[in-house]
Each structure stands twice: as structure tokens, then as C-alpha cells.
Amino acid sequence: MTNTPARNNEGFLEDAGRWTPEIANLIAQDDEISLSEKHWEILWFLRDFYAEHEMSPPSNRLFVKAIREAMGEEKGNSIYLMQLFPGTPAKTACRIAGLPRPTNCL
Amino acid sequence: MSPALHPGTLHILNKAPGHSRFITCLANLTNQDTLVLTENAVLAASDADTKLPEGTVALGADIEARGLSDAMPVEKQIDHQQLVRLTEQYARIISW
Amino acid sequence: MTTLIVIDQAPYGTWVGREALDMAFSLAAFDQPAALLFIGAGVAWLRRAQNAAGIGQKTLEKNLSAAPLFGIEQLFAEQTACERFLPDPDSRVKGITMAGSVNHLLEQYDHVVFAG
């Protein structure tokens, strides 16, 4: 067994300091996602966003909006992001990126 | 034998300048008293309208949180342990 | 219709201002225009070089810097309060519009809410 660090009941890391790209790959397996360059572009964006603003985008809509602001319409739309990160994209992406759960995502 | 307690009052103030309790606290200070600024009260360090008595100290973590490190000399910044020690030196303490 | 959210309370001491910021972000999420006005001790939100790690909170200056990315139109600050609490212009964050008259600004909005 790989030693995955402790996670809460929603799959978010208990200790964000334990995150590594390898851990991201492990978490992504929960959603049967195999991380590609397209995923990583979003994940690194989110990690940079967190470092700069000390928060994850608080809701899915604001997640899409922030991506649109940074990368344009082609990627900043919910269909593209839903394809990469199924479920609630903001929540799935933050979980894989090792960031706190967006506060307003159910 | 424990050292003699300080004759003045230790005032622990956590309300922002302009708050009625901030105003009351500052109006009631005597020469023998010591003022400790915590939480929102540390904004007094950069308040043009407040004249802080000499000897006023402030909690360093609250100063740093609010970006006021340049406004309060480092020797006037205390940590929680130092605050506890201060409270032991005064017989009379008011938490505003 | 733009909602003007007024923050008149100092940062960190209470959760009131943080809730107001959440409200602004929620309006922005649904493309409802919102603007923020800082008055009184609330202008202390706009001081540079905040670091709230030592009090176990997130740094509001950094949280607030996300506002433009979410489409929050403008950040206003009461000029006299800035002169009182942030007398050095270099100590203020960038991108703030000074409001010489709060009354005049309030008159321009049909929907004004105060934090707390």
C-alpha cells in the first residue's frame, strides 16, 4: 500500500503540507481521473491562487470566473472544467490540488 | 516572598479607536497605569487622533496581523507570555 | 443595480467584515455588481504588509486582493479615515478610490448594506 496522508470524510488532506504531485495522482484516482497536462494547468493555477489570496475560489462559479479571467473563455467555462474535474469542478480540483474545500460548495 | 505588586492598574484594551470603550479607557488612565493594546485596539499605533501614554505595549501578533510592525517599536511589542507576566505584577486589572 | 457594501469595522477583531466580503463574493458569483466602501476604522483593511498567521487567521489583505478577479467593480475608502489611520499613502494597498464625501457616494447607490 502507498502511504497516503490522512484525509477528511470528503477526501481533502488533513495537512496541506503533505501534498506532493504524487499525492495528487493518488487523490485523483478517487474520481478515476488520470492527470494530464490540461489538469495540471488548472491545478497549478489553483495552488498559485491560494498562495496569493490565502483562499480557494469560494464557489464553483467563482472558480470558473477566475479561470476565465486568467486563461480566457476557452478554458474558463463550466463544460471544459466539468470534463476535467467531474462532479463539482471547484471541489474536485481543490481536493486534488491539496487545498481547502471551497467554502460555498455543497 | 513575592515581589510587591504594582500600585497602578493594568488596562487591557481590545476595542478599536473610536469605539466608546476605547475612548472611556483612555480617558480613565492615570500616570501609574499601564495600557496593553490587543486585537482591534492595536490600530491605535497608527491612529493620528490617539496619543498613547508612554509605556503602552501591544501584542506583537496582533500588530503583525494588521501590518503595523513599522508603527510600533519592537521593544513595545509583547507576546502572550509577557502579557501573563504583566497580569501577575498588577493587583488591579481592567479588561475593557 | 450595483450593491454597495460598507465595512466600518476594524479587521480581524470580529468576523463581521469577513462575512461582508463573503457577501460581496457571492454577489459577484451570480454576476450581481458589487462595490466595497471602507469607512472609519474599517480602512485598516487596506493597510499593506498584513500577516495574520500569528493569530491563526487568513490575511485579509490577500483575501481582498481576489476581489477584482471575481469582478467586484470598485473599492472605495473614506479619505478622512485614511488620513487618520493610514496617513502614509505608501502604507495603503493599490487600486483604492478615495471618497472625499461618503454621503455623496452613498447617494449614488440604490442598494447599500452595512457589514454587521
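Letters go in sequence order (proteins before strands), and every chain restarts at 1. Reckoned from all heavy atoms, side chains included, excluding hydrogens, waters and symmetry mates.
The stretch residues 74-82 of chain A places none of its residues near chain C, where near means some heavy atom under 4.5 Å from a heavy atom of that chain. Annotation: residues 39-50 of chain A contacts chain C through A/Phe49, A/Tyr50 [non-hydrogen atoms, separation under 4.5 Å].
Neither the backbone nor the side chain of C/Asp22 has a heavy atom closer than 4.5 Å to any heavy atom of chain A.
Under the 4.5 Å side-chain criterion, counting only non-hydrogen atoms from C-beta, C/Asn63 is in contact with A/Glu54.
Residues A/Leu62 and C/Phe25 come closest through the heavy atom pair CD1-O, 3.4 Å.
Annotation: maximal heavy-atom pairing with chain A below 4.5 Å, among C/Ala52, C/Gly71, C/Ala29, occurs at C/Ala29.
Considering only residues two or more places apart in sequence or on other chains, C/Ser65 meets the side-chain contact (heavy atoms from CB on, under 4.5 Å) condition with A/His53.
Atom CD of C/Gln108 has more than 12 heavy atoms from other residues, nucleotides or ligands within 6.0 Å.
Going from atom CG of C/Leu64 over to atom CE of A/Met55 covers 9.0 Å, rounded to the nearest 0.5 Å.
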Which donor-acceptor pairs under 3.5 Å do the side chains of residues 39-51 of chain C make with protein atoms, sequence neighbours left out?
residue: C/Trp45; atom: NE1; partner: C/Gln9; partner atom: O; Å: 3.3
residue: C/Arg47; atom: NH2; partner: B/Ser46; partner atom: OG; Å: 3.0
residue: C/Arg47; atom: NH2; partner: C/Phe85; partner atom: O; Å: 2.9
residue: C/Arg48; atom: NH1; partner: C/Asp90; partner atom: O; Å: 3.0
residue: C/Gln50; atom: OE1; partner: C/Tyr12; partner atom: OH; Å: 2.6
residue: C/Gln50; atom: OE1; partner: C/Glu61; partner atom: N; Å: 3.4
residue: C/Gln50; atom: NE2; partner: C/Trp45; partner atom: O; Å: 2.9
residue: C/Gln50; atom: NE2; partner: C/Arg47; partner atom: O; Å: 2.8
residue: C/Asn51; atom: OD1; partner: C/Ala53; partner atom: N; Å: 3.2
residue: C/Asn51; atom: ND2; partner: B/Glu64; partner atom: OE2; Å: 3.2

